[in-house]
Asker: 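Shown below is the structure under consideration.
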There are 2 protein chains.
Amino acid sequence: MAEDADPARRSIGARRNPDSAGAILEAAEAVLVEAGYSGFSIEAVARRARAGKPTIYRWWPSKAALLLEVYKRQKRVDIPDTGRLEEDLVGFLQNLFKHWRETSSGSIFRSLIAEAQSDETASAALAEYALGRPSHTVQIVERARQRGEVAEGVDSAPVADLISSYAWRHLLTNRLDQDEQSIRKAVGYVLRGIAAPGN
Amino acid sequence: MAEDADPARRSIGARRNPDSAGAILEAAEAVLVEAGYSGFSIEAVARRARAGKPTIYRWWPSKAALLLEVYKRQKRVDIPDTGRLEEDLVGFLQNLFKHWRETSSGSIFRSLIAEAQSDETASAALAEYALGRPSHTVQIVERARQRGEVAEGVDSAPVADLISSYAWRHLLTNRLDQDEQSIRKAVGYVLRGIAAPGN
DNA sequence: GGACTGAAACGAAACGCCCCGTTTCACCGC
DNA sequence: GCGGTGAAACGGGGCGTTTCGTTTCAGTCC
């Protein structure tokens, strides 16, 4: 009863058809993958899920809310732990790019960014995502700090900001096929700026 | 006749009413500023310009093409020249953020990025913009290289990529009000990674 | 435990509104 | 007249809502 506390979805009454919500989310993802963001419409999702539009609107207040929940259902990318900051960051970006290329996450995230430019809900969610709880990159840097790899006084936030900005832009400009050398070069420039004297 | 070689615009016949195209572009910009990307429609532009839709479609093949030309009409931001790389980069980002905040360029560019997620034309234009001829950032770095501020073997492209990725993401997540300290911190981390031994 | 009942969620269809991109048409200036 | 023009309307589609008749479940009474 106190379970399932997603604030985006309405919580009135118990769901009679528990499959419905799941089928809608799966249909939404399928439509997004097959038809792209331009083909992503509530009507298309309803058709595909063999559901009525009112059923969708009963639980998600808007197209953006549905898109957001589809995004949240995506599996997170792995954070490598090699014991060296450079390898962790390069590996993370490689994992992320591969994940975005090979699953639907990439197009879903792109869609979310696009939707955020015209929908306030999506914009707020995206900002919260970008600023919210420690990102993967912050975790990686903080772990390196504990190992003593990071110079005194270095702030993790701007570092994480730089790295994930790099990832966003490559996603948005179709450059997820970047080879390891390019990634390593960019990461390296940031890294040398924050390395502890010893390293 | 050989003038006005914008490939996006049709070149059939001479324009009878030169005011028309200008009025449409101005209306497009005004709509974009006042109603945002979500309110940007060909019909809205036509209404505002007191023009017919066919007139717009006669000169621009699609909504994206119109948006693109509005973007291209924007005044470019100034590139500072202080003689020090750090000041140039920090100043450039400050100028850029201010320019994006205080003119319509910011929302226009955001709209272009959003449009690129559903329109192939806009996507190609954006990729060309991101990868195309030397960006402002590359120019700044190259100038610093000639002054000997940049270490041997440092590639300008990834540096420029990092800096402008940072700018894009701050635009997309409504963080153009960043204070100088934050910008300086992020730029500094990259800079220390590329500085010549002497600096 | 089994049948009845009423509330709630359901799919389908249609609504009014808006936008897209196109076509038609009368107009007006060269 | 000819070519660009604005106005209007087209078919196609999506949005978010409403209506309608049906299904499904929870609670109740025996």
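Source: prediction; values computed, not measured. Here is how names work: the chains are called A, B, and so on, in the same order as the sequence lines, proteins then strands, and each is numbered from 1.
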Asker: Can you measure B:Ile56 atom CD1 to D:dG6 atom P for me and round it to whole angstrom units?
Answerer: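 So the CD1-P distance, B:Ile56 to D:dG6, works out to 9 Å.
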Asker: When you look at B:Thr82 and B:Arg84, which way does the side chain to side chain donor-acceptor pair (under 3.5 Å) test go after all the steps?
Answerer: CA-CA 5 Å; B:Thr82 65; B:Arg84 287 201 55 233; over 6 Å; no
Asker: Consider only side-chain N and O atoms of B:His99 and B:Asp78, and report whether a donor and an acceptor are under 3.5 Å apart.
Answerer: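 On atom types as modelled, these side chains do not qualify, holding no pair under 3.5 Å.
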Asker: Determine, for A:Asp119 against A:Lys63, whether the closest basic-nitrogen to carboxylate-oxygen distance falls under 4.0 angstrom.
Answerer: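 No, A:Asp119 and A:Lys63 are not salt-bridged.
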Asker: Are A:Tyr129 and A:Phe109, when compared by the centres of their aromatic rings, separated by less than 6.0 Å?
Answerer: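 Yes: the rings meet the under 6.0 Å criterion.
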Asker: Where along nucleotides 17-22 of chain C does protein come under 4.0 Å, by heavy atom, of base (B) or sugar-phosphate alone (S), with - for untouched nucleotides?
Answerer: --SBBB
Asker: Please confirm whether the shortest side-chain N or O distance from A:Arg58 to OP1 or OP2 of C:dC10 is below 4.0 Å.
Answerer: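 Checking C:dC10 against A:Arg58, a side-chain N or O does come within under 4.0 Å of OP1 or OP2.
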Asker: When you check the gap from the basic side-chain N to the acidic O, do B:Glu69 and B:Lys72 get nearer than 4.0 Å?
Answerer: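 No, this pair does not count.
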Asker: What integer distance in Å separates A:Arg50:CZ from C:dA13:P?
Answerer: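 One finds 13 Å between P of C:dA13 and CZ of A:Arg50, rounded.
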Asker: Looking at A:Thr55, does any N or O in its side chain come under 4.0 Å of the phosphate oxygens OP1/OP2 on C:dA9?
Answerer: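 So the side-chain polar atoms of A:Thr55 never come under 4.0 Å of the phosphate oxygens OP1 or OP2 of C:dA9.
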Asker: To check you understand the geometry: which heavy-atom pair defines the closest contact between B:Ile56 and B:Ile42, and what is its length?
Answerer: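 That closest heavy-atom pairing would be CD1-O, 3.9 Å.
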